[in-house]
Amino acid sequence: MPTSFETLPSNQPTADSIRDNILTNPGFGKHFTDHMVNIRWTVDADWHGHQVRPYGPLVLDPAASVLHYGQEIFEGIKAYRHADGSVWTFRPEKNAERFRRSARRLALPELTDEDFIGSIKALLAQDHTWVPTPQSDADECSLYLRPFMIATEAFLGVRPAHEVDYYVIASPAASYFKGGVSPVSIWLSSHYKRAAAGGTGFAKCGGNYAASLAAQKEAESHGCGQVAFLDAAESKWIEELGGMNLFFVFKDGRLVTPRLTDTILEGVTRNSVLTLAKDMGLTPEERPISIDEWREAAATGEITEVFACGTAAVITPVGELVTENERIRLQGDGGSEVAMRIRKTLLDIQYGRSEDKHGWLTQLV
Ligand SMILES: *Cc1c(COP(=O)(O)O)cnc(C)c1O
């Protein structure tokens, strides 16, 4: 039996004209819909109080343990409007599963698929008018959904909290790339590390992002938009970016991505790219890849493309890797042909423009 959500509709919903105006140019993560989901958990009562209620500030006790010890996890997933007006999401069961993996690592309670996917459906039932309508095939607008879980117990002792809240908020998002996809420069952090063995690298938690921001600042001071991290033990193996997984296209058709370890976050996009690559006749390979291999194979032209992938930007071609003392560029014009082909294949499925052969879509509205 699916749990039902009690709905408390907002008595001050955004006026249609204001919402339409926001949806013509939503940017990213700046505007929020009229409602949010909340489910409470306590050690005695398990998950309860499933609610869709007006979007608004949270009331937290200043001693809430999330504010002190950072017991927090989150997800990122999108809702896409198809040409017939229906609204769909992409592989939500993968996000639900990862959310449980993250929860276990952060000693938070696990949420079922039913509650995770049910919460998204319940929010969309109220706020579906906030899903932007693409104006063309190149318009990658969507409603970005942010499920998250925080420790809300007012207690300063160090132990897993006995009171936890789960929320989902939603934010309309424009295409990540305005004026077309263009390759980005990436900074190789030589000092900072994202994750160490036995740590939280595979979990989607705020703490990993907090720890990456100093490296992000360093990247920006070198004219780069993103940071690539090496492994913490040897400073030798490519892991991923702060919030995206990496792929390397080889001249002979191999598509290489670092093998999953507990220091790499398993992206849903990464997993989907591996499947689509096989469909497209490429040879996916999950294995360790070193910074030396990147440097050498880029110089010889054996690596023809590098790209990053994640829900927010889908697939982003990487133009160059910048380090303290070198710039690693690819031979040729870096046409990003393979990256762009995979990108289009994925987007066509997500926006309902091609057959959903793998059964990846779930209808929300
Ligand atoms: C979210 C995230 C990704 C990408 O995951 P997707 O499920 O593809 O959006 C990659 N790396 C990190 C560190 C992340 O937090």
Side-chain angles (χ1 to χ4, degrees), residues 28-29 70 72-80 89-103 105-106 116-117 120 140 142-149 171 173 176 184 186-187 189 192-197 199-216 219 225-232 237-247 255 257-277 284 286 306-316 318 339 342-343 345-347 349-350 358 360-362:
F28 182 81
E72 187 269 357
I73 56 171
F74 68 95
E75 272 301 325
I77 183 168
K78 285 174 170 175
Y80 308 89
T89 193
F90 186 73
R91 308 187 75 185
E93 58 289 337
K94 294 287 287 179
N95 297 81
E97 185 194 330
R98 183 171 69 194
F99 200 53
R100 282 194 295 275
R101 246 182 355 254
S102 300
R105 182 63 184 84
L106 275 287
F116 184 88
I117 299 171
I120 290 172
E140 295 161 17
S142 62
L143 184 66
Y144 185 80
L145 303 163
R146 169 52 58 86
F148 63 101
M149 196 190 291
S171 175
Y176 190 87
V184 296
I186 286 183
W187 171 249
S189 176
Y192 297 111
K193 297 293 185 282
R194 197 191 81 87
T200 55
F202 68 93
K204 209 166 176 76
C205 63
N208 290 342
Y209 279 72
S212 75
L213 297 177
Q216 180 71 26
Q226 295 277 340
V227 186
F229 289 96
L230 295 175
D231 76 291
W237 307 102
I238 308 288
E239 298 211 307
E240 58 169 320
L241 306 187
M244 286 195 267
N245 296 113
L246 275 172
F247 277 92
L255 182 68
T257 191
R259 188 177 58 211
L260 293 176
T261 64
D262 67 355
T263 59
I264 292 180
L265 188 127
E266 180 179 4
V268 178
T269 319
R270 174 189 182 280
N271 183 282
S272 308
V273 166
L274 286 170
T275 299
L276 294 177
E286 297 178 74
V306 180
F307 65 84
C309 70
T311 297
V314 195
I315 284 175
T316 307
V318 174
I342 297 174
R343 193 173 201 282
T345 306
L346 189 55
L347 285 166
I349 296 171
Q350 290 171 334
H358 299 284
W360 282 344
L361 299 186
T362 292

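Heavy atoms only: backbone and side chains are in, while hydrogens, waters and symmetry mates are out. We count ligands from 1, going down the list as the structure has it; atoms in each ligand are counted the same way.
Of all atoms in ligand 1, listed by their number and element, those nearer than 4.0 Å to a heavy atom of R98 are 5 (O), 6 (P), 7 (O). Listed by number with element, the atoms of ligand 1 under 4.0 angstrom from any heavy atom of T311 are 6 (P), 7 (O), 8 (O), 9 (O). Those atoms of ligand 1 that come under 4.0 Å of a heavy atom in E240, given as number and element, are 10 (C), 11 (N), 12 (C), 13 (C). Every atom of ligand 1 with a heavy atom of R194 under 4.0 Å away is listed here by number and element: 13 (C).
Partner R270 forms a side chain to side chain contact (heavy atoms under 4.5 Å, CB included) with one of L246, L260, L265 and no other, that one being L260.
Residue K94 does not touch ligand 1, judged by heavy-atom distances below 4.0 Å.
Contact annotation: the side chain of I186 never approaches that of V306 to less than 4.5 Å [non-hydrogen atoms, C-beta and beyond]. The shortest side-chain heavy-atom distance between I77 and V268 does not fall under the 4.5 Å cut-off.
Using 4.0 Å as the threshold, S272 has no heavy atom nearer than that to any atom of ligand 1. Within the structure, ligand 1 has G243 among the residues with a heavy atom less than 4.0 angstrom away.
Considering each of T269, L246, V268, the one bringing a non-hydrogen atom nearest atom 7 (O) of ligand 1 is V268.
The backbone N or O of T269 sits nowhere less than 3.5 Å from a side-chain atom of N245 that would complete a donor-acceptor pair.
The shortest contact between atom 5 (O) of ligand 1 and any protein heavy atom is with G267 CA, 3.3 Å. Protein heavy atom in closest approach to atom 14 (C) of ligand 1: K204 NZ, 3.0 Å.
Polar contact with ligand 1: present for Y209 (N/O pair, distance under 3.5 Å).
Taking 4.0 Å as the cut-off between side-chain N and carboxylate O, E266 and R98 do not count as a salt-bridged pair. With salt bridges taken as basic N to acidic carboxylate O contacts below 4.0 Å, none links K78 and E140.
Using bins of under 30°, 30° to 60° and over 60° for the plane-to-plane angle, the ring pair F99/F116 lands in the tilted bin.
Taking the ring centroids of Y144 and F28, they lie under the 6.0 Å cut-off.
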